[in-house]
Amino acid sequence: MANQLFRKKSIDVILRDAEQGYGDGHGTGLKKVLGVRDLTFFGIAAIIGAGIFSGIGTAASAGGPGIIFLYIFTAIACGFAALCYAEFASTVPVSGSAYTYSYVAFGEIFAWIIGWDLLMEYAIGNIAVAISWSDYFTTMMANAGLHIPEWMTMDYMSAKAAQGAAWLNAPQIGGFRIILDIPALMIVALITYIVFRGIKESRSASNLMVIIKLCVIFFVIVLGAFYINPDNWSPFSPEGFGGIMKGVSAVFFAYIGFDAISTTAEECKNPQRDLPKAMIYSLIICTIVYVLLALVLTGMVHYTKLSVGDPLAMVFDERGMKFISGIVAVSAIIATASVLLVFQMGQPRIWMSMSRDGLLPKVFSKIHPKYGTPSFSTILTGIVVGVPALFLNLEEVISLTSIGTLFAFVLVCAGVLALQQRKDRPESKFKVPYINGQFIYPLLIIVAIIIVAIKAPTHFTDDIWTKDTWPMAAFWVIAIVVAVMAFLKKFSLLPVLGMISCFYLMSQETHKVWMRFQIWLVIGLIVYFTYSYVASKLKTDIIMKRAPHAIGVGVSLFALYLMMYFDDTNFYLKNDKVVVYIIIGAAIQIFYSFWAARIAKA
C-alpha cells in the first residue's frame, strides 16, 4: 500500500499529458500569450491587495515602526520559497503549481494533500477577499452619497449579532430575514466572467489594475513623506520581538500571491525563462513598496492609532486632506479586485491538473474550444467562492489561508531538496544556487538554541509544552531533525532556510488555527481514499483493498484525538466517548470498503 500512496509521476509523462489536450477529447490547449512583464504584473496584482490597505495597519499597531523587520523577514522567507518555486516551474512548466511539484518529488499522497491545501488557500482566501471588496465598495458608495440597504451588504450572522439596521430592516419570508452580501457576489461573478473569457482578457484587466494601484500607492508614499514626524518612530519596536511577531498573519497574508503565477505556466510563451524572473521581480517590488509604506504610515501618526480598517485614508484625514480618502478607496477596490482575479485564475488550473491525473473527474479538465480556458473548473470556482461570500463572516480566514500557503511553501522547498538528492535529477534552465549547508545550518540552529535559552530560560522547559504552544515545540523538533539530516546528507542551504523559516512562521499561528488546518487535511484524506486513490491514472491493476480499512482506522484515531483535545476533563479509556468514536470509525471502514469495491468494479 505504501508504494501506491507514494507513486510518482515522471516529468516526461506530465509534459506529454500537457500536450495532449488535458483529456477532454478536443485536443484544445491553453493559449500561450504571457511574457515576463505580464507574469510580473500578475504577481504584483496578487500580492498587493487588502493586506496593504488594511492589514498593514493591524500589524503596525502591534509592532510599531519595527514592523518593517517582519516585512523583510517574511520577504526573505518567501524569497527562499520563490527560488524553489522558480526551479520547479522551470523543470515542470505545467499549471499544477505546488500540486504537480509534490507529485514529482514526493508522490501522490503528498500531491493530493497539497492540492487540497491549495483549495483552502485560493478558494477560501478569495471568499475573504470578496467580502473585503464588498466592504470597501459599500463605504465608497456611502461616502459618495449612494446608500445601499444594509441587509444587502453583510452576512446573516453579523447582522443578527449586531441587531442593527440590517437586521431590523431586512425583508422576511416566513419569519426568516433575507440578509445577503450582494456586492461580494457581484464582484466574484464579474471576475469569473473575465477569467472564463480568456487569458488575454485576464492579462489586460490585471495590467490595468496594477498600473492604477501602483500609481496611487506611489502618490501616497511621496505625499505622506512630507508629513513624517521622526518622533513617531521612537521607540522603533515598542513591544520588542514579540510585538512584531503578533502581525505575522496579516503580514504574510499580504505576501500571498507570487506562487499563484506558477499556475499560468502552460499559458507562458517561455515559462522556463519567464516564470523564475517574474516571481523574483514581483517579490522584490512588493517588499520595497511595503517597507516604504509602513515607514510613511508610522511616521505620519503614532503607531497606536493605526488599528483601523483603512489606515491609508485615516492618516490623511487627520491632516485634513479628506479628498485623499476617496482616492485610496477607489484604489483599494481595484487592488482587491486584482487579487480576486489572479486567484480565480489559479484555482481552476490546479483542479485541471488534478483531473488530468485522475484524482478528480474528467470534467474538471475540460477546455473551452473557443476561449481556451478550463471552463467547468472556472465556473465551479466562481460558485464555490461567490455563494459562501453571500453568507459567511470569515474572521479567522486570514490565519487559515496563511498557514495553508506556508505549508505549500514548506513542501516546495523540501521538494527541491528531494530532487537534489536524486541521481537522475531532471534538467532545468533555473536551479537554486547550491550552498553546502552541512555545517552552516546546524551551526545556526545551535546558536539559535543558545540565544533563546539565555534570553528566555523557561522557553524549552515550560513555555512550549502546553496545548496552546505545541506548534513551537514542533518547530524546534523539526529544525533539529533537519539539522541532523543536513549534516549527514549535505543539504543545500537555501531550500533548508526556506523550509525552516516558513515553518517558523507556521508555528506562530495559534493552536486553534492549527487544529482547523488539521481537520481540513483529514477531510481531504477522506475524499482521497473514497475516490482519488482508486481513480488515479497511476493505479495498478490490483486495487489495494487495505486502503479503506487503513483510513477508517486513521479517522477513528483522529476522532479520539479531537475528543481528547477539546475535553477539559481528564481523559481515560473508560470514558464512554471512546466507544462512540470506535463505533463511528468502524462504520467509516465499512463504508470505505463498500465504496472502494464499487469503484474497483467500475
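Everything quoted here is computed from the prediction, not taken from an experiment.
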Is there side-chain contact between [X] and [Y], with at least one heavy-atom pair below 4.5 Å?
| X | Y | answer |
| --- | --- | --- |
| Phe407 | Met506 | yes |
| Phe88 | Thr100 | no |
| Lys32 | Leu34 | no |
| Tyr528 | Ile113 | no |
| Leu70 | Thr74 | yes |
| Ile449 | Ile480 | yes |
| Cys268 | Thr264 | yes |
| Phe460 | Val452 | yes |

Test side-chain contact (heavy atoms from CB on, under 4.5 Å) on Val36 and Leu275 and set out the steps.
CA-CA 7 Å; Val36 65; Leu275 275 173; over 6 Å; no

Do any side-chain atoms of residues 481-501 form donor-acceptor pairs under 3.5 angstrom with protein atoms, and if so which ones, sequence neighbours left out?
{"unit_1": "Ser501", "atom_1": "OG", "unit_2": "Leu497", "atom_2": "O", "d": "2.7"}
{"unit_1": "Ser501", "atom_1": "OG", "unit_2": "Gly498", "atom_2": "O", "d": "3.1"}

How many angstroms lie between atom [atom1] of [X] and atom [atom2] of [Y], to the nearest 0.5 angstrom?
| X | Y | atom1 | atom2 | answer |
| --- | --- | --- | --- | --- |
| Gln344 | Asn126 | CD | CG | 4.5 Å |
| Leu406 | Leu505 | CG | CG | 5.5 Å |
| Ile350 | Thr381 | CD1 | OG1 | 9.5 Å |
| Lys431 | Thr91 | NZ | OG1 | 7.5 Å |
| Leu295 | Ile67 | CG | CD1 | 11.5 Å |
| Trp465 | His459 | CH2 | NE2 | 9.0 Å |

Nearest non-hydrogen partners of [X] and [Y], listed with the distance:
| X | Y | result |
| --- | --- | --- |
| Ser355 | Pro361 | OG-O, 2.6 Å |
| Val342 | Ala45 | CG2-CB, 3.8 Å |
| Ser377 | Met352 | OG-N, 4.3 Å |
| Pro271 | Ala265 | CB-O, 3.5 Å |
| Gln272 | Pro93 | CG-CG, 4.2 Å |
| Tyr71 | Ala294 | CE1-CB, 4.4 Å |

Go through Tyr290 and Ile48 one step at a time and tell me if the side-chain contact (heavy atoms from CB on, under 4.5 Å) criterion holds.
CA-CA 9 Å; Tyr290 282 147; Ile48 297 182; 4.2 Å; yes

State whether the side chain of [X] and the backbone N or O of [Y] hold a donor-acceptor pair below 3.5 Å, judged by distance alone.
| X | Y | answer |
| --- | --- | --- |
| Ser102 | Ala98 | yes |
| Tyr441 | Ala479 | yes |
| Ser507 | Met472 | no |
| Thr263 | Ser97 | no |
| Trp112 | Phe529 | no |
| Gln347 | Tyr122 | no |
| Ser90 | Phe430 | yes |

Do Tyr101 and Phe106 have ring centres separated by under 6.0 Å?
no

Going by the ring-ring contact (aromatic ring centres under 6.0 Å, His included) test, name the single residue among Trp476, Phe409, Phe80, Phe475 that passes it with Tyr504.
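Considering Trp476, Phe409, Phe80, Phe475, a ring-ring contact (aromatic ring centres under 6.0 Å, His included) with Tyr504 is found only for Phe475.
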
Report the residues that fulfil side chain to side chain contact (heavy atoms under 4.5 Å, CB included) with Ile454, sequence neighbours left out, ordered by chain and then residue number.
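Ile454 satisfies side chain to side chain contact (heavy atoms under 4.5 Å, CB included) with Ile450 once adjacent residues are dropped.
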
[Y] and [X] side chains, donor-acceptor separation under 3.5 Å:
| X | Y | result |
| --- | --- | --- |
| Glu108 | Ser536 | yes |
| Thr466 | Thr469 | yes |
| Asp357 | Tyr99 | yes |

For a quick test of your reading: what N or O donor-acceptor pairs under 3.5 Å do the side chains of residues 278-289 make, sequence neighbours left out?
{"unit_1": "Ser282", "atom_1": "OG", "unit_2": "Ala278", "atom_2": "O", "d": "2.9"}
{"unit_1": "Ser282", "atom_1": "OG", "unit_2": "Met279", "atom_2": "O", "d": "3.0"}
{"unit_1": "Thr287", "atom_1": "OG1", "unit_2": "Tyr255", "atom_2": "OH", "d": "3.2"}
{"unit_1": "Thr287", "atom_1": "OG1", "unit_2": "Leu283", "atom_2": "O", "d": "2.8"}

Test side-chain contact (heavy atoms from CB on, under 4.5 Å) on Leu119 and Trp351; report intermediate values, then the result.
CA-CA 9 Å; Leu119 169 61; Trp351 273 343; 3.5 Å; yes

Test side-chain contact (heavy atoms from CB on, under 4.5 Å) on Ile109 and Leu525; report intermediate values, then the result.
CA-CA 9 Å; Ile109 184 64; Leu525 289 175; 3.7 Å; yes

Do the side chains of Arg349 and Glu267 get close enough for a salt bridge, i.e. N-O under 4.0 angstrom?
yes

